[in-house]
Protein chains: 2
Amino acid sequence: MPKLVANDIAIALKKRISLGEWLENGRMPPERDLASEFGVARNTVRRAVSMLEDDGTVVRHVGRGTFLTAGNPDSMAATVARMEGTSPADMMEIRQLLEPAAASFAATNASAGELNAVREAHKIACASQDMPTFEHWDAEFHHRIFACSRNDFLKEIHNLMRILRNQRPWFEMKKRSFSEERRATYCSEHQLVLDALLARDSEGASAAMLTHLRTVERNLLGR
Amino acid sequence: MPKLVANDIAIALKKRISLGEWLENGRMPPERDLASEFGVARNTVRRAVSMLEDDGTVVRHVGRGTFLTAGNPDSMAATVARMEGTSPADMMEIRQLLEPAAASFAATNASAGELNAVREAHKIACASQDMPTFEHWDAEFHHRIFACSRNDFLKEIHNLMRILRNQRPWFEMKKRSFSEERRATYCSEHQLVLDALLARDSEGASAAMLTHLRTVERNLLGR
DNA sequence: TATAAATGGTTCACTATTGGATCAGGTAAC
DNA sequence: GTTACCTGATCCAATAGTGAACCATTTATA
């Protein structure tokens, strides 16, 4: 059993909250109790609970206790929590809306340096020998396209999607669906996107990206 | 057994990361532990981890540890925080991508009851006399369309946007831009969207929504 | 009402953990 | 022999956890 640190305790608490613990009265146990339960100092628990407080999961009152804010479906925290539970199929559908648009924006707005960074990521991905490296630079290729879309909100949505894609169900799917042949397909499809970007052809970039995402969806979801 | 060198260890680590190890809290074991686990000197592990760092696979903090950049639970909160700082113009651009799509999905997927709820929100918005009431039911109209899009991820993105729009800069803008004439325009544009939804005309719904959002953007951002 | 208990807020000195940096060797491949 | 790499060791700097004390506010109890 690894040693518990504040961050781990924050994660453990979140998990227990999301499992419906302490829902009857919305009140968490006193910090001193949690400390002895987890076998750590109260200061450590305090830091963990502060993390929950920072992301709006709980509120604290001196003399009264610490209370869950869940139940307010309109909070940022609750929205993000629900997002983690949505299906890969739903996200793929939205990716097919957003990424072609991002590619289109990028073709119009990117600087030469930014496009170079995209090309760089593509090159490394294609040259990479092992699957983990390919995964990483594949993601980086997509990320860099968003980065030159010049729309910060779009960039952050993509960030959210990227984080979610690195969590449970996606992980299994990516592992299952990987093969050398598919890697080659992705490379050539990325090449088409890149060519369109370099030619400043926004419609072409959008179309190439859509084609690519349909391939990815087919591979991941097996349709 | 061949002797392990830094490069081998880097690959081994990447593989373990890509297999989802250390995903719970996004934290790798200390270099000293890895060194003894792989049976090599700490310097060697350090070089291997440096390769991962160069890749961008991990980030290191003195005194804290080495963390995966993907699947890092904090990054979710940070992303949302950054989102709060993005510009209304950027968000409006994305709304023009997502809301027509949501309307299109809704035209196809909504149940009769759900469409009734949309109609209800529209009716109250049109009948409302004061600006806050109108604002509320206007937002509800859009929200209910997303609700019948049958895509949970899309719904949650819209939730995020809605929460952000209830915060500072937006609130001022909405107040400034409100006028009786604009309210009437919005009502008639909503009517067109609603008509298309009821006719199950997904292209029409999408187009009507896009027209509406362009009006909104013009009014809010003064373009 | 007065008092005590419970609970979060704050601070401090101390220790432990962890990555950063460097150096003098050893070893194997060329 | 030269080169490249690993080993083992030491010290540094930044961060985190410990244990304890005390405060401020709220709630329960006598």
Side-chain angles (χ1 to χ4, degrees), chain A residues 1-14 16-17 21-70 77, chain B residues 1-14 16-17 21-75 77-78:
Chain A
M1 167 110 160
K3 185 174 176 188
L4 289 179
V5 299
N7 195 30
D8 300 318
I9 293 175
I11 293 173
L13 289 176
K14 263 196 205 173
R16 286 167 64 169
I17 290 172
E21 202 151 356
W22 312 310
L23 246 172
E24 335 63 63
N25 52 6
R27 185 187 187 188
M28 277 178 53
E31 296 173 350
R32 288 165 177 87
D33 292 2
L34 289 173
S36 76
E37 179 185 338
F38 284 109
V40 298
R42 184 175 156 226
N43 271 338
T44 307
V45 166
R46 276 189 61 70
R47 220 167 308 168
V49 176
S50 294
M51 295 179 198
L52 302 195
E53 194 180 22
D54 287 343
D55 61 33
T57 308
V58 302
V59 289
R60 308 203 265 195
H61 300 288
V62 178
R64 297 182 54 207
T66 301
F67 300 86
L68 312 189
T69 55
Chain B
M1 166 129 150
K3 187 171 177 183
L4 289 179
V5 298
N7 195 37
D8 302 325
I9 293 176
I11 291 179
L13 289 177
K14 270 196 211 171
R16 285 168 64 169
I17 290 171
E21 201 151 358
W22 312 311
L23 205 67
E24 336 61 59
N25 54 7
R27 185 187 190 194
M28 276 178 54
E31 295 173 351
R32 287 163 177 87
D33 291 3
L34 290 173
S36 76
E37 180 185 337
F38 284 108
V40 298
R42 185 178 155 222
N43 272 338
T44 308
V45 167
R46 274 189 62 69
R47 230 163 309 162
V49 176
S50 295
M51 295 178 197
L52 302 197
E53 195 179 21
D54 292 341
D55 270 347
T57 307
V58 302
V59 289
R60 306 204 265 193
H61 299 288
V62 179
R64 295 182 55 204
T66 302
F67 299 85
L68 313 190
T69 51
N72 182 346
D74 316 336
S75 48

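Hydrogens, waters and symmetry mates are skipped; everything else that's a heavy atom, side chains included, is used. Every chain is numbered from 1, with letters handed out A, B, ... down the list of sequences.
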In this structure, how many angstroms lie between the C1' atom of D:dT27 and the CZ atom of A:Arg27, rounded? 9 Å
Just the table, please: protein N/O against nucleotides 8-10 of chain D N/O, every pair under 3.5 Å.
from  : atom 1 : to      : atom 2 : distance (Å)
D:dG8 : O6     : B:Asn43 : ND2    : 2.4
D:dA9 : N6     : B:Asn43 : ND2    : 3.3

For DNA chain C, which residues of residues 54-63 of chain A approach it to below 4.0 angstrom with any heavy atom? A:Arg60, A:His61, A:Val62, A:Gly63
Distance, rounded to the nearest Å, where B:Leu52 contributes CG and C:dG19 contributes C1': 14 Å
Separation of C:dT7 atom P from A:Arg46 atom CZ, nearest Å, is 14 Å
Single hit among B:Ile9, B:Asp54, B:Leu13 for side chain to side chain contact (heavy atoms under 4.5 Å, CB included) with B:Val49: B:Leu13
Donor-acceptor contact present, side-chain A:Arg27 to main-chain A:Arg64, <3.5 Å: yes
By side-chain contact (heavy atoms from CB on, under 4.5 Å), which residues pair with A:Glu24, not counting sequence neighbours? none
When rounded to the nearest 0.5 angstrom, what distance separates CG in A:Asp33 from CZ in A:Arg42? 11.0 Å
Qualifying residues under side-chain contact (heavy atoms from CB on, under 4.5 Å), relative to A:Met51, sequence neighbours excluded: A:Ala6, A:Asn7, A:Ala10
Hey, could you give me the CD/OG1 distance between B:Glu53 and B:Thr69, rounded to the nearest 0.5 Å? 10.5 Å
Of all heavy-atom pairs linking A:Ile17 and A:Trp22, the shortest is CG1-CZ3, 3.7 Å
Quick one: is B:Thr66 getting a side-chain N or O under 4.0 Å of the C:dT18 phosphate, OP1 or OP2? no
Once you round to the nearest 0.5 Å, how far does CD of B:Glu21 lie from CG of B:Leu23? 10.0 Å
For B:Phe38 and D:dT7, give me the distance from atom CZ to atom C1', rounded to whole Å. 17 Å
Between P of D:dG17 and CG of A:Asn7, the distance in whole Å: 9 Å
D:dT7 P sits how many Å from B:Glu31 CD, rounded? 14 Å
Is the distance from OP1 or OP2 of C:dT17 to the nearest side-chain N or O of B:Arg64 less than 4.0 Å? no
In this structure, how many angstroms lie between the P atom of C:dT17 and the CE atom of B:Met28, rounded? 19 Å
Looking only at side-chain atoms of A:Pro30, point me to the closest of D:dT18, C:dG8, D:dC6. C:dG8
Could you tell me the separation between the CD atom of B:Glu31 and the OG1 atom of B:Thr44, rounded to the nearest 0.5 Å? 11.0 Å
In this structure, NZ of B:Lys14 is separated from CG of B:Asp55 (nearest 0.5 Å) by 3.5 Å
Walk me through it: do B:Arg60 and B:Arg46 pass the test side chain to side chain contact (heavy atoms under 4.5 Å, CB included)? CA-CA 11 Å; B:Arg60 306 204 265 193; B:Arg46 274 189 62 69; 3.7 Å; yes
Set of residues satisfying side-chain contact (heavy atoms from CB on, under 4.5 Å) with respect to A:Val62, sequence neighbours excluded: none
Length of the line joining B:Phe67:CZ and D:dA14:P, which is rounded to integer Å: 17 Å
Five pairs per end, C1' atoms only: what is the angle between the end axes of the helix from C:dT1-D:dA30 to C:dC30-D:dG1, to 10 degrees? 30°
Could you tell me whether the phosphate oxygens of D:dT7, OP1 or OP2, come under 4.0 Å of any side-chain nitrogen or oxygen in B:Thr44? yes
